[in-house]
Amino acid sequence: MFLSRPLFRIVPDNTQIAFMRGRVLGIAFSALLSVLSLGLAFYPGLEKGIDFRGGIIMEIRTQGPADLGALRGAMGGLDLGDVGLQQFGDDSTVLLRLPVQGQEGEEGATQAAVNAVRGALEQAAPGARILRTEAVGNRVSAELFANSLIALGMSMLAMLVYIWFRFEWQFAVGAIVTLVLETTKVVGFLAITRIEFSLTTVAAVLTIIGFSINDKVVVYDRMRENLRKYKTMPLRQLIDKSINETLNRTVGTSMTLLLSALPLALFGGDALSGFAWTMVFGIIASTSSSIFIAAPILLFLGENRLRRGTEAPVPAAPPGAAPRR
């Protein structure tokens, strides 16, 4: 019997937290953060990766610690546009960025630029090696950006249809509004931290959306069970009860994912840090929004509509009153 009980619970059993008391403040604060995030998406804007911005990216490794000043001086005389250099990982690895060469990033112009960089590199840092080279044209990057936005929109539409069929429309609207608020906050996080917005980041956002909707479905299932079980309980009290009953599962699942993403963010290197930090922020945002955003929206939309299967009791007539017709 002792082994059948967990040794540790993040949230104690039988909690009775009145989450709906702060429903107005929670929604207002979330909406404010989302509006500010949208503003940050335009100014200073997202740090688009090569997938969406286009251009040439080269990873260079020098024999010793890289002298960024000497490399900038060597690349500045090549007349290739605005050349960006930054350390990537250790002191001997440098990431070099070039704008799109030619009209639409033609292969000939791109190859000429790579050869020019290689020649200048041999003069400025003898023995340096080019580990990888990636090139994306303007047209391809624009298509990738548009397709990424379409993928995000289609995923939310699919979630809306799924929840609408499985539950009620109030649940579906609450979930989608919450997902939109979460996504905009992730955009603001990317704008503040200057993490590159790339296809990898889009994959992180889609993963966050999937995790978030799964978490909300679990809470919604408990709400639907309690709607059938407690037919006269006020909806506000019922939502608080449902959240408290699933709180240990919600926080436990989020902590498990957080503990798997945080080491990648801290020790995964530059190749994985953007994806991992986006996941860490998204897990925290989606967990809090399931409690403080999705549930209040459901309360506002369904306070008088989610008990269609029951009828309010008819008050007894006073003595001597004529019967109702």
Side-chain angles (χ1 to χ4, degrees), residues 19-20 23-24 26-38 41 46 144-190 197 199 201-228 235-236 238-240 242-243 246 249-250 253-254 257 278-279 281-309:
F19 292 105
M20 293 302 99
R23 61 191 183 279
V24 176
I27 293 179
F29 183 68
S30 177
L32 177 62
L33 288 181
S34 295
V35 171
L36 293 176
S37 297
L38 289 176
L46 296 173
L144 289 174
F145 185 74
N147 290 338
S148 299
L149 295 181
I150 292 173
L152 291 174
M154 292 295 293
S155 66
M156 290 190 181
L157 179 61
M159 302 293 181
L160 174 66
V161 174
Y162 168 72
I163 296 180
W164 196 318
F165 275 97
R166 180 167 177 178
F167 298 97
E168 302 279 349
W169 68 266
Q170 293 91 349
F171 290 90
V173 172
I176 295 304
V177 171
T178 307
L179 287 178
V180 172
L181 294 174
E182 291 172 9
T183 305
T184 52
K185 292 184 185 69
V186 172
V187 171
F189 172 76
L190 296 175
F197 183 62
L199 291 176
T201 312
V202 173
V205 174
L206 290 173
T207 305
I208 292 168
I209 290 175
F211 162 74
S212 178
I213 207 67
N214 177 73
D215 188 41
K216 290 168 181 56
V217 165
V218 171
V219 180
Y220 283 172
D221 263 331
R222 183 57 58 90
M223 290 180 184
R224 183 170 58 179
E225 292 173 2
N226 287 337
L227 281 170
R228 298 168 180 170
L235 185 60
R236 173 178 170 179
L238 185 141
I239 290 177
D240 277 336
S242 302
I243 294 175
T246 57
R249 184 265 178 201
T250 298
T253 303
S254 300
L257 291 175
T278 305
M279 285 291 299
F281 177 82
I283 291 169
I284 297 173
S286 62
T287 302
S288 59
S289 66
S290 297
I291 298 172
F292 298 104
I293 309 301
I297 292 175
L298 178 63
L299 176 61
F300 289 138
L301 293 176
E303 195 157 14
N304 299 317
R305 300 181 181 92
L306 289 177
R307 295 190 178 278
R308 295 180 305 177

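Look at Lys216 and Asp221 and you find no salt bridge, because none of the NZ, NE, NH1 or NH2 atoms lies under 4.0 Å from a carboxylate O. A salt bridge links Glu225 with Arg222: at least one charged nitrogen is closer than 4.0 Å to a carboxylate oxygen.
No hydrogens or angles considered: a donor-acceptor pair under 3.5 Å links the side chains of Thr184 and Ser34.
The closest side-chain heavy-atom distance from Thr287 to Phe211 is below 4.5 Å. Side-chain atoms of Thr253 and Asp215, non-hydrogen and from C-beta on, never get closer than 4.5 Å to each other. The shortest side-chain heavy-atom distance between Leu235 and Leu227 falls under the 4.5 Å cut-off.
For the salt bridge (charged side-chain N to carboxylate O under 4.0 Å, His left out) test, no residue two or more places apart in sequence or in another chain qualifies with Asp240.
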Margin query: Ile27 vs Phe300, test: side-chain contact (heavy atoms from CB on, under 4.5 Å). Steps then yes/no.
Written below: CA-CA 11 Å; Ile27 293 179; Phe300 289 138; 3.4 Å; yes
Checklist line | Residues Phe29, Phe292; criterion side-chain contact (heavy atoms from CB on, under 4.5 Å); working and verdict | finding: CA-CA 10 Å; Phe29 183 68; Phe292 298 104; over 6 Å; no
Check: So Ile213 and Leu179, side-chain contact (heavy atoms from CB on, under 4.5 Å) or not? Walk me through it.
Finding: CA-CA 8 Å; Ile213 207 67; Leu179 287 178; 3.8 Å; yes
Next item on the list: Check the pair Thr278 / Ile208 against side-chain contact (heavy atoms from CB on, under 4.5 Å), numbers first and verdict last.
Entry: CA-CA 9 Å; Thr278 305; Ile208 292 168; 4.2 Å; yes
Notebook entry, point to check: When you look at Lys185 and Ser30, which way does the side chain to side chain donor-acceptor pair (under 3.5 Å) test go after all the steps?
Noted result: CA-CA 9 Å; Lys185 292 184 185 69; Ser30 177; 2.6 Å; yes
Item checked: Candidate pair Tyr220 and Arg224, rule side chain to side chain donor-acceptor pair (under 3.5 Å), full reasoning -> CA-CA 6 Å; Tyr220 283 172; Arg224 183 170 58 179; over 6 Å; no
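Atom-to-atom distance recorded for Asn214:CG and Ser286:OG is 10.0 Å, nearest 0.5 angstrom. We find the CG-CD1 distance between Leu298 and Ile293 to be 13.0 Å, quoted to the nearest 0.5 Å. The structure places OG of Ser37 at 11.0 Å from CZ of Phe189, a figure rounded to the nearest 0.5 Å.
Among all heavy-atom pairs drawn from Tyr162 and Val217, the shortest one is CE2-CG2, 4.2 Å. Across Leu46 and Val187, no two heavy atoms sit closer than the pair CD2-O, 3.7 Å. Across Leu299 and Ile239, no two heavy atoms sit closer than the pair CB-CD1, 3.8 Å. The two residues Ala295 and Ile243 come nearest to each other via the heavy atoms CB-CD1, 3.6 Å. Contact between Leu301 and Val173 at its shortest, heavy atoms only, is CD1-CG1, 3.7 Å.
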Report all side-chain donor-acceptor pairs from residues 150-157 shorter than 3.5 Å, counting only partners two or more places apart or in another chain.
unit_1, atom_1, unit_2, atom_2, d
Ser155, OG, Ala151, O, 3.4
Ser155, OG, Leu152, O, 2.6

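Using cut-offs of 30° and 60° on the angle between ring planes, the pair Trp164 and Trp169 is tilted.
In this structure, Ser288 contributes its side chain and Ala285 its backbone to a donor-acceptor pair below 3.5 Å. Between the Ser212 side chain and the Ile209 main chain, no donor and acceptor come within less than 3.5 Å of each other. Between the side chain of Arg23 and the main chain of Met20, a donor-acceptor pair closer than 3.5 Å is present.
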